[in-house]
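Inspection log for the structure reproduced underneath, given as structure tokens.
Start at 1 and go down the list; that is how both ligands and their atoms are numbered. As a basis for the values below, the full set of heavy atoms in this structure was taken, side chains included, without hydrogen atoms, waters or symmetry mates.
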Amino acid sequence: MSDHLVLGKFKPMSELNKTIKKSYIELNKDEVNSLIKELDESQFRAQQIQNWVFDHHVETWDEMENLPIHIREELSARLRLHPLEINYITDSKNASTQKILFQTQNGYPIESVLMYDQKRTTVCISSQVGCAVDCKFCATASMGFIHNLSTGEMVDQVIHLQRQSKTKITNVVFMGMGEPFLNYRRVIEAAEILNKKMGFGARRITISTAGIVPKIRQMAEENHKYKLAISLNATNELSRERIMPLTNTYTLITFEYVLLKGVNDSPSDGERLLVLLQSLPCKVNVIPYNEIGGSYSRPSENTINAFLDSLKHAPFTVTVRWSKGTEIDAGCGQLAVHGDI
Ligand code: SAH
């Protein structure tokens, strides 16, 4: 890295608090509409302002040439245009990468990266100040969690970077500071704005997660078309746990294994299971069979323990589901409804 270009200095918090104004970029549609109404203007002004910001990436209200001066003045008295200020830009030696340090209105520092490739220009944006996930190899983790970025603060990184960029930005990745899925709602809203107002195709927006499983599910259920990247970083559960402690909470894959007497319950079955799964980042949940009146039966406690013993040195976590509710047929595999319902 070279050429540190200093554009500004961090302001002390005391100074900042006096100057905090809401930013246009953070307003939702209803807020923009009521602002235009308050200014006694017709609604086409909303579209004009939107174009100046999201298509032309203007820095100041004054650059909005087709707005009468009194509206520009009125707007600038009420609102900031951008929630972020650029503080510092670092260029890589071969000019393929720029790192931009921003300051939020609350005085927090965040970083984004602009990367020029032959065919594409990618920006990597932050979703949080600091991070709570605590991956052992990541610099952001050492900050701890400080603050969730607002939707506007995320979108504004892209707007500023497009203004800085020599070429048109083609891709946006949420791989900067923070865990996007611990700020899920705002990240999705930011992606929606990038998609709908700035014209980035959904497949050109990638959200990366360390593996917050419920949010991965939610993203799938909500049918978003953005790309998902999962930071795997290990090939088995134990080594992933060491470097990414959230693995304890969110195992990547859980295999279930119903233990049937005389069928799959021997120690050599256990050894084969170990060989089969040892290279996967997974957890195995062993479920002693709950009898349902058919030809299979539950292994004895001794057999179950011998099976578990054969998995003692497995690199994955093994848990046993001693099913509750078996006496009322509410255990695993005992639920069945027959006949008319
Ligand atoms: N929290 C999200 C997104 C941010 S990190 C996530 O974990 O996916 C983006 C990527 O950088 C992740 O794949 C992360 O594992 C990786 N990473 C973190 N620290 C790194 C480092 N020091 N060197 C190389 N990659 C790193």
Side-chain angles (χ1 to χ4, degrees), residues 1 84 90 92-93 96-102 104 108-115 117 120-151 153-158 161 169-192 194 200 202-220 222 224-253 280-282:
M1 293 287 186
L84 298 178
T90 313
S92 67
K93 266 208 184 86
S96 67
T97 309
Q98 289 184 301
K99 186 165 81 169
I100 291 90
L101 174 66
F102 290 101
T104 70
Y108 297 120
I110 52 166
E111 288 183 321
S112 319
V113 184
L114 184 55
M115 290 161 283
D117 216 338
R120 46 172 142 175
T121 300
T122 305
V123 293
C124 173
I125 63 172
S126 294
S127 55
Q128 297 182 314
V129 184
C131 184
V133 175
D134 200 28
C135 299
K136 298 304 175 195
F137 47 84
C138 176
T140 311
S142 64
M143 299 170 73
F145 171 72
I146 299 175
H147 177 72
N148 273 326
L149 291 184
S150 68
T151 301
E153 286 166 337
M154 287 184 258
V155 173
D156 204 25
Q157 295 172 58
V158 183
L161 291 170
I169 295 169
T170 55
N171 296 67
V172 179
V173 296
F174 286 83
M175 294 189 188
M177 291 162 67
E179 168 48 49
F181 278 181
L182 292 180
N183 191 11
Y184 178 83
R185 190 41 57 210
R186 296 186 192 92
V187 163
I188 294 292
E189 268 171 31
E192 300 280 276
L194 296 173
F200 289 101
R203 308 300 294 167
R204 292 181 175 272
I205 298 172
T206 302
I207 304 173
S208 179
T209 180
I212 311 294
V213 176
K215 297 296 170 191
I216 297 175
R217 280 208 193 96
Q218 190 174 344
M219 184 175 166
E222 291 175 355
H224 296 296
K225 300 286 184 277
Y226 309 113
K227 279 202 208 167
L228 176 67
I230 296 178
S231 301
L232 186 59
N233 300 346
T235 53
N236 69 48
E237 188 81 353
L238 272 190
S239 61
R240 194 171 193 267
E241 263 169 29
R242 256 179 238 131
I243 55 173
M244 300 178 75
L246 93 161
T247 309
N248 287 316
T249 314
Y250 302 119
T251 309
L252 281 187
I253 314 167
L280 292 177
C282 66

With heavy atoms of [X] as the reference, note each atom of ligand 1 found under 4.0 Å away.
| X | result |
| --- | --- |
| Thr209 | 6 (C), 7 (O), 8 (O) |
| Ala210 | 6 (C), 7 (O), 8 (O) |
| Gly176 | 4 (C) |
| Met175 | 4 (C), 5 (S), 9 (C) |

Item to check | Distance-only donor-acceptor check, side chains Tyr108 and Glu153, under 3.5 Å | outcome: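 Not at all, the side chains of Tyr108 and Glu153 share no donor-acceptor pair under 3.5 Å.
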Checklist entry - Would a search of protein heavy atoms around atom 25 (N) of ligand 1 find one under 4.0 Å away? => result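 No, there is no protein heavy atom closer to it than 4.0 Å.
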Next on the checklist: Going by a strict under-4.0 Å cutoff (protein heavy atoms only), does atom 11 (O) of ligand 1 have a neighbour on the protein?
Outcome noted: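 Protein heavy atom within 4.0 Å of atom 11 (O) of ligand 1: absent.
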Next on the checklist: Going by the rule salt bridge (Lys or Arg N to Asp or Glu O under 4.0 Å), which residues pair with Lys225 if we only count those two or more places apart in sequence or in a different chain?
Outcome noted: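 With neighbours one apart ignored, the set is empty.
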Item to check | Glu241: partners by salt bridge (Lys or Arg N to Asp or Glu O under 4.0 Å), with sequence neighbours left out | outcome: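 Glu241 satisfies salt bridge (Lys or Arg N to Asp or Glu O under 4.0 Å) with no other residue.
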Item to check | Min N/O separation Gly178 to ligand 1 under 3.5 Å | outcome: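 Yes.
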Checklist entry - Is there a nitrogen or oxygen of Phe174 sitting under 3.5 Å from a nitrogen or oxygen of ligand 1? => result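 Between Phe174 and ligand 1 (N or O atoms, distance only) the closest approach is not under 3.5 Å.
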Checklist entry - How does Asn233 reach ligand 1, if at all, at less than 4.0 Å between non-hydrogen atoms: by side chain, backbone, both, or neither? => result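 It is the side chain that touches ligand 1; the backbone stays farther off.
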Next on the checklist: Less than 4.0 Å is my threshold; does some heavy atom of Ser127 fall inside it relative to ligand 1?
Outcome noted: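 False for this residue.
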